[in-house]
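Everything on this sheet refers to the single structure shown next.
Each ligand, and each atom within it, is numbered from 1 in the order the structure gives. The chain is numbered in sequence order, starting from 1.
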Amino acid sequence: MNKVQAYSNDFIRQIIDEDLANNRCAVIHTRFPPEPNGYLHIGHAKSICLNFGIAQDYHGHCNLRFDDTNPIKADIKYIESIKHDLQWLGFKWSGRICYSSDYFDLLYEYAFELIKKGLAYVDQLNSEQIREYRGTLISPGKNSPFRDRSIKENITLFKKMQAGDLTEGSACLRAKIDMASPFMVMRDPVLYRIKFIEHHQTGNKWCIYPMYDFAHCISDALEGITHSLCTLEFQDNRRLYDWILDNINIKCRPRQYEFSRLNLTFTIMSKRKLNMLITQNIVKGWDDPRMPTISGLRRRGYTAASIREFCRRIGMTKQNNNIEMVTLESCIRDELNKNAPRTMAVLDPIKIIIKNRASKIEYLTMPNHPNNPQMGNRQVPFDNIIYIDRADFREEAKKHYKRLVLGKEVRLRHAYVIKAEYIEKDQKGNIIIVYCSYDAQTLNKDPLDGRKVKGVIHWVAADYALPADIHLYDHLFNVANPNLVDNFITTINPKSLIIRHGFVEPNLANAIPEQTYQFEREGYFCIDSQYLLAGKYVFNRTVSLRNTWQIKDKH
Ligand code: ATP
Ligand code: MG
């Protein structure tokens, strides 16, 4: 992959430049530490582009480390999807794949080190009492009655925890720091808890599992991470990060830096909430094209380059903010406008019969891109029965309506001029056929007698076009910030998916997933990978031609 364009001088790169200039480190080493409890989303992409991008820019390393300290939530299918999405985004991790669980033996030893130094103790308050003793933001906590038990007793009890002699919730290991600290995380945080659960990497070897805060900093140090980059909500935890590393005997000394989490309007980023959308059947899975997941965006037609470009455009800050969804959309639109082959599709078909033309297939040559001849041409069949979009015909219309009107002419894109002569309606009054005539002299040429024909509409030949379902997507939520609403489910947009039964050019029978086309005058679309597996032609709208929030009606 080409080098990711540098995030011009963001504050993290400034820190790294200083560290290099002052010889605080020689080789930059970052890591991306996903918890395997969901699929990667666009927020993760921000962290991935930052961590892997820095490793690329500075010729350093970036590890992929699965944070699997909590065996309840982890799942092998998430591990596989994360690896796949990361590679698809265009990044490669350094060396082997790491797991926090790789260090369970060492973490256990470091826990002992703290116990032996009198810096950790086995607490036997229950979880409710622990919460009560912790105090609040405005009142200090109080010491557990077990806080001052002897080192020897702590060693015995911790071994018992590890041996499975104590029940879940009856004991935990806590750091002995300061129950009156203004930082809640420093009020004797829990380091280890008992869980009789099989772990996907370590099986039944352990019944005690380290907490994230304990495992994370030590894993960073063991891997030689120089800059541990995480989101702002871990700012306070940095104190604990430093406290643990300062109090154990470990060679490497990574530093943690925080950046703002990505929030996007009209969607959510929490994996727990995204999972709720799936379990409540609001979407069809993690890769539903409406999801902000990498797999959803891919299925919808977003490219890896457009996602990387988005991360570059939003940059890196220390203030949390809401990024507009249109920013993401404009990244893919800009790319597709340049690269997407053009084609025609009729989403809401109405039949046109050309009366003065016999039925005979005729192949018309059309450019795949109006401004890029290198993209070549294609042959599109034309015949006397075609479909146009229902919205492109009116019995009567005002002057500014530049499409087909009864008694008037319009140009068929890359084909002939037709004139609407008369119509046929069904019993309910719906127009079912528009009978037209065509001017055989107007193939890509103006009429010979100087008649002016203004409008151009798209079409497909009825007998040759491929029937396809077209999925039109809109925001998943009706409100810009669903996180602010008590029950975010109530803000789901019922029209986030609209299905049209239409027709596409026959060439699209060979469409492959991840190849996005511009359906002329309609938007950008790609074939759906999942439906294709089932032999069905479904096209997903990647993005509209323009920002529909500014231009409600494309005409
Ligand atoms: P959740 O709260 O949904 O579980 P998380 O932050 O716990 O999210 P992880 O899988 O643990 O998710 O995240 C892996 C890495 O990706 C972390 O370093 C985290 O900071 C980063 N990350 C996750 N979400 C975002 C986001 N919205 N913006 C930027 N970085 C993110
Ligand atoms: Mg997490």
Side-chain angles (χ1 to χ4, degrees), residues 7 10-12 30-55 62-75 77-83 85-86 89 91 93 97-101 211-213 215-217 219-220 223 225 227-238 241 254-278 286 291-297 307-308 310-323 325 327-328 481-483 488:
Y7 296 83
D10 61 60
F11 74 96
I12 292 174
T30 55
R31 86 287 169 269
F32 172 65
E35 192 179 351
N37 62 346
Y39 280 49
L40 294 183
H41 52 57
I42 185 81
H44 291 114
K46 175 176 178 177
S47 174
I48 289 168
C49 287
L50 178 67
N51 282 293
F52 285 89
I54 282 176
C62 182
N63 290 6
L64 168 61
R65 183 198 314 141
F66 287 105
D67 159 31
D68 58 355
T69 46
N70 186 355
I72 301 178
K73 294 200 253 164
D75 191 318
K77 78 165 187 269
Y78 296 134
I79 291 183
E80 290 310 314
S81 77
I82 289 170
K83 288 196 296 198
D85 288 348
L86 189 54
L89 275 173
F91 297 103
W93 51 87
I97 292 175
C98 306
Y99 295 85
S100 302
S101 56
M211 298 301 287
Y212 171 83
D213 278 327
H216 192 71
C217 54
S219 306
D220 280 350
E223 289 173 17
I225 303 302
H227 297 79
S228 181
L229 312 174
C230 63
T231 38
L232 280 174
E233 67 274 20
F234 288 98
Q235 210 158 14
D236 287 354
N237 302 56
R238 182 179 356 112
Y241 187 102
R255 296 280 162 193
Q256 177 184 305
Y257 300 94
E258 306 89 24
F259 62 93
S260 62
R261 211 178 169 78
L262 169 67
N263 295 306
L264 257 188
T265 55
F266 299 103
T267 191
I268 48 171
M269 282 312 156
S270 150
K271 284 180 281 182
R272 186 182 59 81
K273 288 183 180 171
L274 291 173
N275 202 17
M276 275 169 73
L277 296 177
I278 299 164
W286 286 98
M291 293 281 264
T293 52
I294 302 301
S295 50
L297 290 167
I307 295 175
R308 293 196 304 262
F310 169 71
C311 294
R312 193 188 68 77
R313 285 190 197 176
I314 58 174
M316 217 35 79
T317 65
K318 262 179 139 12
Q319 274 84 46
N320 275 325
N321 59 354
N322 245 1
I323 301 287
M325 183 63 94
T327 308
L328 176 63
N481 194 347
N483 285 312
F488 75 103

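- Side-chain N/O atoms of N70 and Y212 include no donor and acceptor closer than 3.5 Å.
- Within ligand 1, the atoms closer than 4.0 Å to a non-hydrogen atom of S47 are 16 (O), 18 (O), 21 (C), 30 (N), numbered from 1 in the order shown.
- Where the criterion is an N or O separation shorter than 3.5 Å, residue side chain and backbone included, E233 fails it with respect to ligand 1.
- Checked against a 3.5 angstrom limit, the closest N/O atoms of S260 and ligand 1 fall outside it.
- Heavy-atom distances between H41 and ligand 1 reach below 4.0 Å in at least one pair.
- Contact check on K77 versus E80 returns no salt bridge, with no Lys/Arg side-chain nitrogen under 4.0 Å from an Asp/Glu carboxylate oxygen.
- No side-chain N or O of R313 forms a donor-acceptor pair with one of T327 less than 3.5 Å apart.
- At a 3.5 angstrom cut-off on N or O pairs, F32 does not count as close to ligand 1.
- Between G43 and ligand 1, at least one pair of N/O atoms sits closer than 3.5 Å.
- Heavy atoms of F234 found under 4.0 angstrom from ligand 1: none, in either backbone or side chain.
- Judged by a 6.0 Å distance limit and a 45° cone about the ring axis, K273 is positioned over the six-membered ring of F488.
- Residue R261 has at least one N or O atom closer than 3.5 Å to an N or O atom of ligand 1.
- Close approach of ligand 1 to P33 (heavy-atom distance below 4.0 Å) involves ligand atoms 14 (C), 18 (O).
- Numbered from 1 in the order shown, with element, the atoms of ligand 1 that lie under 4.0 Å from a heavy atom of S270 read 3 (O).
- Of all the atoms in ligand 1, the ones that sit under 4.0 Å from a non-hydrogen atom of E35 are 9 (P), 10 (O), 11 (O).
- At least one N or O atom of H44 sits closer than 3.5 Å to an N or O atom of ligand 1.
- Q319 and T317 share no side-chain donor-acceptor pair at under 3.5 Å.
- Scanning both residues, R31 and C230, for their nearest heavy atoms gives NH2-CB, 4.4 Å.
- Which of T231, N37, N320 comes nearest to atom 19 (C) of ligand 1 through a heavy atom is settled by distance: it is T231.
- With ligand atoms numbered from 1 in the order given, ligand 1 contributes 1 (P), 3 (O), 4 (O), 8 (O), 9 (P), 10 (O), 12 (O) to contacts under 4.0 Å with heavy atoms of K271.
- At a heavy-atom distance under 4.0 Å, no atom of R272 approaches ligand 1.
- Counting only N and O atoms by type, the side chains of E233 and Q235 include no donor and acceptor under 3.5 Å apart.
- For the residue pair S101 and D68, a side-chain donor N or O sits within less than 3.5 Å of a side-chain acceptor on the partner.
- Residues S260 and N320 bring no donor and acceptor atom of their side chains to less than 3.5 Å of each other.
- Using modelled atom types, one finds no donor on one side chain facing an acceptor on the other under 3.5 Å when comparing T69 with S100.
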